[in-house]
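Chain A is the first sequence line, chain B the second, and so forth, proteins listed ahead of strands; every chain is numbered from 1.
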There are 2 protein chains.
Amino acid sequence: MFLDVAKLAGGSDRRIEILKSAAAAFRRRGYHGASVDEIASALDMTKGNLYYYFQNKEEILFACHDYSLDVLLTLMEQVRAEESPPDDKLRKLILAFVHMLLDELQGTALTLDLQALSPLLLKRIIAKRDRFDRGLREIIQQGIESGLFRPGDAKLIGFAIMGAVNWITKWFDPAGPMSSEAIGRGFADYLVGGLFALPASYSAVSPGFNSNT
Amino acid sequence: MFLDVAKLAGGSDRRIEILKSAAAAFRRRGYHGASVDEIASALDMTKGNLYYYFQNKEEILFACHDYSLDVLLTLMEQVRAEESPPDDKLRKLILAFVHMLLDELQGTALTLDLQALSPLLLKRIIAKRDRFDRGLREIIQQGIESGLFRPGDAKLIGFAIMGAVNWITKWFDPAGPMSSEAIGRGFADYLVGGLFALPASYSAVSPGFNSNT
DNA sequence: TCACGATTTGAACGCTCGTTTAAACTGGTG
DNA sequence: CACCAGTTTAAACGAGCGTTCAAATCGTGA
């Protein structure tokens, strides 16, 4: 079920360790706010040593994004290959995304500063991100066209879902009362369940408000 | 209808200008990535001059957050005072939030680096943000308890909505084809429309998948 | 034990940036 | 014109950070 994340980054174990430490630091302090020394110290190594594995700080940020996106794209391919209705696909995607985000990627996916990358590297990351976005929109669009979901702008809905999910890292507390599974289920219930076509009585005009509190 | 934003920040016109320039810079490059000189240059002033209006860079970030939250809280109070069903309140809140975010606050609300603030200032901002979050949850909870919305975790749903909306600043292009009003409407349709209670046939088990593509 | 490539260290370098400060400028008032 | 508070400037400082590099250390096979 789970991906072999180590193989995706195309690097040694040490490179992966560095990426995880860097991702955590970038998430906490932002790209510019996190120092190279901070990333290295967390691994009990000197900052100079990082430059044996990466050319510079920017390459580390790039690798973080590239790594996360590879994980997400592999996930997307798995889901797309399935023979199931769009709501099932979407639900599975959200569940897995949340799990990846919180349990595997340490809360770091698309939250990291993109604009800190130079144009060339930025372009490559955006291209990958767009592949994921398009896959997501396709699933939503299929649901709408089949009549399972009510009409809507698939692109807008896709952005809304991505925003809701990525935002989790801003408030999630691993030591808090909510498990990543519970969050995934709650989000899937709301974000997928909210797409279904509604009977006529639920159209633009809201139904009678029956206050019984 | 619209708030007099200038009065909320409790400062001179020049302070407001600085805040807007700073907010734009912080959003583009992040707090640590944006230089004080960059903020000043955009206003044709020298960086030293900023220190006539603010004690230091951190105070500027704090004022940005404080200002945005005051705008949002005033909005929240307006909506709460209304006598209308929860879905209307929620819809109005989302529409106004998106409008504020994109047209007034230049894409900057809660996206700015919070953790760059020192503990004391951070505490004050979080307290204000929590007031907004609680207001949002109350509206959702009322909808659930009245049976208008289907059952769910109001806290989780609130986070999802805030995430979806705040994430807009990550992809919105003012020069793009989508107006802020269209985005607001699309988001409200999805995020509020997706909360309504569903008939029995729409429960956990998905209805028959009728592919007609 | 020796040799050699892979890995790590610690110090040093420049450069950027936040902040300070004294001096200069502005516009209005007596 | 002289005065003065409010505002702006230009230059300088000092600290922190990304990066480099020569030397030291490690691990392994002969």
Side-chain angles (χ1 to χ4, degrees), chain A residues 6 9-66 112-122, chain B residues 6 9-66 112-122:
Chain A
S12 65
D13 289 350
R14 207 61 195 262
R15 270 179 72 102
I16 304 285
E17 283 182 58
I18 294 171
L19 286 189
K20 295 211 168 187
S21 172
F26 290 157
R27 179 174 54 79
R28 281 199 310 272
R29 309 224 201 220
Y31 175 71
H32 294 284
S35 72
V36 175
D37 192 57
E38 188 180 347
I39 298 168
S41 294
L43 299 169
D44 284 317
M45 59 198 300
T46 60
K47 61 177 177 176
N49 197 5
L50 290 190
Y51 289 82
Y52 180 75
Y53 295 96
F54 294 94
Q55 289 186 30
N56 49 36
K57 193 183 178 185
E58 188 190 4
E59 195 194 334
I60 299 179
L61 177 63
F62 173 80
C64 282
H65 269 115
D66 206 50
L112 304 185
D113 297 315
L114 255 185
Q115 62 283 54
L117 292 173
S118 61
L120 188 83
L121 297 181
L122 181 62
Chain B
S12 65
D13 290 350
R14 207 61 196 260
R15 269 178 73 101
I16 304 287
E17 283 181 58
I18 294 171
L19 286 189
K20 294 211 170 189
S21 172
F26 290 157
R27 180 175 53 80
R28 281 200 309 272
R29 309 222 200 224
Y31 175 71
H32 294 283
S35 72
V36 174
D37 193 57
E38 188 181 347
I39 297 168
S41 295
L43 298 170
D44 284 316
M45 57 199 300
T46 59
K47 63 176 176 175
N49 197 6
L50 290 190
Y51 288 82
Y52 180 75
Y53 295 95
F54 294 93
Q55 289 186 32
N56 49 36
K57 193 183 180 187
E58 188 190 3
E59 193 194 335
I60 299 179
L61 176 64
F62 173 79
C64 282
H65 268 116
D66 206 50
L112 304 184
D113 297 314
L114 255 186
Q115 63 283 56
L117 292 173
S118 60
L120 188 83
L121 297 181
L122 180 63

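Within the 4.5 Å cutoff, the side chain of A:R15 has no heavy atoms near those of the A:I18 side chain. A:L19 has its side chain out of reach of A:Y53: every pair of non-hydrogen atoms, C-beta onward, lies at least 4.5 Å apart. Side-chain contact between A:F26 and A:I39 is present, with heavy atoms from C-beta onward closer than 4.5 Å.
OP1 or OP2 of C:dT8 lies within a sub-4.0 Å distance of a side-chain N or O belonging to A:Y53. Checking the phosphate oxygens (OP1, OP2) of C:dT8, a side-chain nitrogen or oxygen of A:R14 falls inside 4.0 Å. Proximity of B:Y52 to the phosphate of D:dT8: no side-chain N or O atom is located under 4.0 Å from OP1 or OP2.
Closest approach to the B:K47 side chain among D:dT19, D:dA12, C:dG10 is made by D:dA12 (side chain taken as heavy atoms from C-beta onward). For A:K57, taking side-chain heavy atoms from C-beta onward, the closest of the listed nucleotides C:dT9, D:dT19, D:dT9 is D:dT19. Candidate nucleotides C:dT19, C:dG10, D:dG18 were compared by shortest atom distance to the side chain of A:S35, and D:dG18 ranks first.
Nucleotide C:dT20 holds its P atom 12 Å from the CD atom of B:E59, rounded to whole Å. At whole-Å resolution of the value, CG in A:D37 and P in C:dA12 are 16 Å apart. Look at NE2 on A:H32: it is 19 Å from P on C:dC15, rounded to the nearest Å. Computed from coordinates, the A:L50 CG to D:dC21 P distance equals 17 Å when rounded to whole Å. For B:D13 and D:dG6, the CG to P distance is 17 Å, given to the nearest whole Å. The CZ-P distance, from B:R15 to D:dT7, rounds to 12 Å in whole Å. With rounding to whole Å, A:L61 atom CG is found 12 Å from D:dT19 atom P. The distance between atom OH of A:Y51 and atom C1' of D:dT20, rounded to the nearest whole Å, is 9 Å.
Place A:Y31 and A:N49 on DNA chain D by their nearest nucleotides, and A:Y31 ends up nearer the 5' end.
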#### Entry: Stepwise side-chain contact (heavy atoms from CB on, under 4.5 Å) check, B:Y31 with B:L117
CA-CA 10 Å; B:Y31 175 71; B:L117 292 173; over 6 Å; no
#### Entry: Candidate pair A:M45 and A:L50, rule side-chain contact (heavy atoms from CB on, under 4.5 Å), full reasoning
CA-CA 8 Å; A:M45 59 198 300; A:L50 290 190; 4.1 Å; yes
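Counting any heavy atom pair closer than 4.0 Å across all strands shown, A:F54 reaches no nucleic acid atom. Note on B:A40: nothing from the nucleic acid sits closer than 4.0 angstrom, heavy atoms only.
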